[in-house]
Trainee: 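The following block contains the structure, expressed as structure tokens.
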There are 2 protein chains.
Amino acid sequence: MATAEILSIGTELLLGHVLDTNSQFLAQELAALGINCFCRCTVGDNKARIRTAVRAALQRSEILITTGGLGPTADDLTTECLAEIFNVPLDFDQYILDQIENFFKAAGYEMPASNRKQALRPQGADVLPNPNGTAPGIIWRLDESLLAKQGLSPAPKFILTFPGVPSELQAMWRQTVRPFLQNNFGAQTIWSCQLKHYGIGESALAQKYAHLLNLDNPTVAPYAGYGECRLTVTARAENATQAKAIAQPIIDEILQTSGTLCYGFDDETLESALGKLLIVKQKTLSVAESCTGGLVSKRLTDIPGSSVYTTLNVVTYGNDAKMKILGVSKEILDKHGAVSAACAEAMAKGILKLSGTDIGLSITGIAGPDGGSSEKPVGLVYIGLATIESYKGIELSLPSRLSRDNIRQRSASATLNTVRLFLLESL
Amino acid sequence: MATAEILSIGTELLLGHVLDTNSQFLAQELAALGINCFCRCTVGDNKARIRTAVRAALQRSEILITTGGLGPTADDLTTECLAEIFNVPLDFDQYILDQIENFFKAAGYEMPASNRKQALRPQGADVLPNPNGTAPGIIWRLDESLLAKQGLSPAPKFILTFPGVPSELQAMWRQTVRPFLQNNFGAQTIWSCQLKHYGIGESALAQKYAHLLNLDNPTVAPYAGYGECRLTVTARAENATQAKAIAQPIIDEILQTSGTLCYGFDDETLESALGKLLIVKQKTLSVAESCTGGLVSKRLTDIPGSSVYTTLNVVTYGNDAKMKILGVSKEILDKHGAVSAACAEAMAKGILKLSGTDIGLSITGIAGPDGGSSEKPVGLVYIGLATIESYKGIELSLPSRLSRDNIRQRSASATLNTVRLFLLESL
């Protein structure tokens, strides 16, 4: 299995001014090609540190991918630094310069003199074209003698450089680098799949599937975040079809065991899974929100085409609004308060009546950070689900220490999941 | 100047399943403390590679910060691996175990046996409390003899470990680590301030302030994202008061020049800035949303205490809902369609009447990816702002190539900013 490392170069990354999304893109692409990514590293615009990082990477791995430091300014050091490390001169490439000049001409500008620098590359390196910008990269096959002079093992090694602009990097990857790597290193393919779960914690999930977590191929690993968790099943084989076949029995086992705890694969969200169910069941939905302030409706309508099953939702944030729009009685509000099982029921029945949908949902609670009491602490949330024939109420006690945003997101997820389970049980 | 490195641990990071936002947060925080971040590195859940990375970091830097690998499962190796590197035993901490057990109890679960592992820490390390989760970290001051045994220079060195969950990491940083580092390494302080702008692009902003972008202390740098942009002013001095004094004249100049383009500092959002204005002006607000599906209401109510100025909002996603709830006429919908200036006006006036607030807002548009036409392309959005005395309509043409999420976020921002400018002009 070929091995690679990613080196991100740029002081703005080290200072946290820019979020490094390139590394994630490259990591995913390498995994898909079956190239083992050993390590990712970030250094600033500093020759000594770039040199150390390049040498360390080439000692361990066959392929070094760098991003950043290809711009026209004085602190763009990547090309210069690589030539220095291997003690080769920088060649000037008239063809590249012409392309850079054309790029400026097409945009209606004169090329600034500083951009001449981008037409330089270490002797022996090939150009890696950049169709979307002025900074081309290089593909450099380091020959044995170059490596030996630097005390590096003489196995074939490659350096590929990219600019830091994500759209340029991605176009260069797709156009040139992906086919290049596939031809030179395309041995094994990694195929992976995420099984998204709701209603079970990471450690409980890990315990449930403890017997799978030490497999070698496929591997199974649990991850958690934002009140949800997932199992990632990853298989290696000569091609994607074979890898998928290796993973399938394990996926089937998990699906059978998890039942309704697993709501979908990969990019599926609770709202997209619910949307598909509503369409299959030909049901419509409306929601009356208090503490989530519109978040449930926002998540429902994140899904393109959601107007088929949701057309009217209300945010009754105040008591007057609950009475006026949903017909919640003053008695309920006086006796039980707006955050109560009785109010959730009246809200759900009120929105059902107002909207005429098949399902009326409600959610009322205390999102914090203020407004909690010992009787009704921050994190107390009531969810209601009404149909013509039935009503189901749910009480959540989320930890009071969670942030307002976290409580609202988790409450909204619980609301969406309540409908999902309701529809599944009615199958 | 103290030096630090960040080591992110997790195979899911190397495979690109998760975007590493922790490193950016930590990098920003270190910069703000005046601690020089030398290098950031990511390795998988693999003891040999964790060991190599830890040793390399401690050879170069005084402070090593790790994230990830503190979970309860078998592939969480950080604590174990650190103890092995320095050849010290793992101590079991009953107090931590009690806390973890309480955490599960509060959530209504039994603690799985695997979580016991999280109560272990290398002998000599202090606990770094995690108020939001089960995985505490460590603060480990490595003494001279430990370092010498590993062939490392005997200058004082610290290892701090964090779990990978961003909300937990950030709370631990703010509560314990920031004050700890300030006390131990606070030499030169870097003070920085972001001036948040809306309604001007990054390159226009950079051009407007070209004369400030090459200053040395303070520095001024423009950044963009999600349709907003900001100028970061950063000053260095012996303490925060002095650094702030160095930055202040530049901040004043920018504020004066930018006028209403600048809506606030640092963590201010359009919705929090608007909330403050509504309170000062004693105005109330309601919104009727179509294409944003609840996002405007969600953002308004992200602000604690927003019930003072917003109590009823509606999502009229379908035409029937627009007619029934807001009194939009069938004639308008037939003649102009739901995405039209006329419909936006009828919606804004409808919600104003229904809610009785001072301001009625509306938003209707085509968020895509489907539903666009040559006449009404994806990205066409109408915003309406009605009061008893006045009406103002706005038409946005966002680029059709933007994602649904991006179009909805930008439209919502434009809606919030419309009210902000309206309130400012009426001062």
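None of these values were measured; they are calculated from a predicted model.
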Trainee: Can you confirm whether B/S23 sits close enough to A/T42 that some side-chain heavy atom of one is under 4.5 Å from a side-chain heavy atom of the other?
Mentor: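 Not touching, per the 4.5 Å side-chain cut-off.
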Trainee: Name the region of B/F25, side chain, backbone, both or neither, that has any atom closer than 4.5 Å to a heavy atom of chain A.
Mentor: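 For B/F25, there is no contact with chain A at all, as no heavy atom is under 4.5 Å.
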Trainee: Within a radius of less than 6.0 Å around NZ of A/K208, do more than 12 heavy atoms belonging to other residues, nucleotides or ligands occur?
Mentor: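 Yes.
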Trainee: Using a 4.5 angstrom heavy-atom cutoff, name the option from B/V314, B/T73, B/L15, B/V43 with the most pairs to chain A.
Mentor: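 With the most close heavy-atom pairs to chain A, the winner is B/L15.
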Trainee: State, yes or no, whether a side-chain contact exists between B/C39 and A/C41 at a heavy-atom distance under 4.5 Å.
Mentor: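 The answer is yes, as the side chains (C-beta and beyond) meet within the 4.5 Å cut-off.
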Trainee: Heavy-atom pairs under 4.5 Å with chain A: which of B/V296, B/T52, B/N115 has the most?
Mentor: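 The residue among B/V296, B/T52, B/N115 with the greatest pair count is B/N115.
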Trainee: With chain A as the partner, which of B/I325, B/D75, B/L7 has the greatest number of non-hydrogen pairs under 4.5 Å?
Mentor: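 Option with the top pair count is B/I325.
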Trainee: Among B/L295, B/L19, B/T11, B/T21, who wins on heavy-atom pairs under 4.5 Å with chain A?
Mentor: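 Maximum pair count with chain A is reached by B/L19.
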Trainee: Looking only at atom types and distance, does a side-chain atom of B/T311 sit under 3.5 Å from a main-chain N or O of A/Y317, one as donor and one as acceptor?
Mentor: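 No: the side chain of B/T311 does not pair with the backbone of A/Y317.
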Trainee: Is it the case that more than 12 heavy atoms not belonging to B/D320 sit under 6.0 Å from its CG atom?
Mentor: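 Not buried by this count: 12 neighbours or fewer within 6.0 Å.
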Trainee: Among the options B/T316, B/N132, B/T134, pick out the one with the most heavy-atom pairs lying under 4.5 Å from chain A.
Mentor: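 The answer is B/N132.
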Trainee: Quick one: pull up NZ in A/K298 and CZ in B/R299 and give me the separation to the nearest 0.5 Å.
Mentor: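 These two atoms lie 10.5 Å from each other.
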Trainee: Heavy-atom cut-off 4.5 Å, strictly under: side chain, backbone, both or neither for A/L354 against chain B?
Mentor: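 When you check distances to chain B, atoms from both the backbone and side chain of A/L354 fall under 4.5 Å.
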Trainee: Please classify the contact between B/S306 and chain A as side chain, backbone, both or neither, with a heavy-atom cut-off of under 4.5 Å.
Mentor: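 Looking at B/S306, backbone and side chain both touch chain A.
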Trainee: Tell me, for A/Q194 versus chain B, whether the close heavy atoms (under 4.5 Å) come from the side chain, the backbone, both or neither.
Mentor: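 For A/Q194, side-chain heavy atoms alone lie under 4.5 Å from chain B.
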Trainee: Nearest 0.5 angstrom please: B/L14 CG to A/L26 CG, how far?
Mentor: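 Nearest 0.5 Å value for the CG-CG distance: 12.5 Å.
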Trainee: Are there over 12 heavy-atom neighbours, none belonging to B/K324, within less than 6.0 Å of that residue's NZ?
Mentor: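 More than 12 within 6.0 Å, yes.
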Trainee: Side chain, backbone, both or neither: which part of A/F38 has a heavy atom under 4.5 Å from chain B?
Mentor: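 Both backbone and side chain.
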Trainee: In terms of heavy-atom proximity below 4.5 Å to chain A, should B/N313 be classed as side chain, backbone, both, or neither?
Mentor: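 It is both, since atoms from each part get that close.
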Trainee: In terms of heavy-atom proximity below 4.5 Å to chain A, should B/K322 be classed as side chain, backbone, both, or neither?
Mentor: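 Contact with chain A: none, neither part.
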Trainee: Atom CG in A/L402, atom OG in B/S167: separation rounded to 0.5 Å?
Mentor: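 It comes to 8.0 Å.
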Trainee: Relative to chain B, which segment of A/T232 carries a heavy atom at a distance below 4.5 Å: side chain, backbone, both, or neither?
Mentor: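 Contact with chain B: side chain only.
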Trainee: Around atom CG of A/D266, are there more than 12 heavy atoms from other residues, nucleotides or ligands closer than 6.0 Å?
Mentor: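 Yes, the 6.0 Å shell around CG holds more than 12 heavy atoms from other groups.
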Trainee: Which bit of B/I303 is near chain A, if near means a heavy-atom gap under 4.5 Å: side chain, backbone, both or neither?
Mentor: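 It is the backbone, since no side chain atom gets that close.
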Trainee: Looking at every non-hydrogen atom in both residues, tell me the closest pair between A/D302 and B/R404 and how far apart they are.
Mentor: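 Smallest interatomic distance, heavy atoms only, reads O-NE, 3.0 Å.
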Trainee: So which of A/L13, A/N319, A/I6 has the largest heavy-atom pair count under 4.5 angstrom toward chain B?
Mentor: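 Going by pairs under 4.5 Å, I would pick A/L13.
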Trainee: Considering only heavy atoms from C-beta outward, does the side chain of A/V315 approach that of B/L312 to under 4.5 Å?
Mentor: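 Side chain of A/V315 against side chain of B/L312, heavy atoms only: no contact under 4.5 Å found.
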Trainee: Using non-hydrogen atoms only, which part of B/P112 is less than 4.5 Å away from chain A: side chain, backbone, both, or neither?
Mentor: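 When you check distances to chain A, atoms from both the backbone and side chain of B/P112 fall under 4.5 Å.
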Trainee: Carefully, step by step, assess A/T301 and B/R408 under the rule side chain to side chain donor-acceptor pair (under 3.5 Å).
Mentor: CA-CA 10 Å; A/T301 59; B/R408 288 174 19 125; 3.1 Å; yes
Trainee: Of all heavy-atom pairs between B/S114 and A/Q207, which one has the smallest distance, and what is that distance?
Mentor: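 What the structure gives for the nearest pair is OG-OE1, 4.1 Å.
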Trainee: Please flag which part of A/P399 lies under 4.5 Å from any non-hydrogen atom of chain B: side chain, backbone, both or neither.
Mentor: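 For A/P399, there is no contact with chain B at all, as no heavy atom is under 4.5 Å.
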Trainee: Where on A/S192 is there a heavy atom nearer than 4.5 Å to chain B: the side chain, the backbone, both, or neither?
Mentor: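 Side chain of A/S192 only, per the 4.5 Å heavy-atom cut-off to chain B.
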Trainee: Output the option from A/A206, A/A31, A/A221, A/S307 having the highest count of non-hydrogen pairs under 4.5 Å with chain B.
Mentor: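 That would be A/S307.
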Trainee: So which residue, B/P304, B/A321, B/G318, ends up with the most heavy-atom pairs under 4.5 Å with chain A?
Mentor: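 Top option by heavy-atom pairs under 4.5 Å: B/P304.
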Trainee: With a 4.5 Å cut-off on side-chain heavy atoms, are A/D20 and B/R40 touching?
Mentor: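 Contact flag for B/R40/A/D20 side chains = yes.
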Trainee: Is B/V287 in contact with chain A via its backbone, its side chain, both, or neither, using a 4.5 Å heavy-atom distance?
Mentor: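 Neither part.
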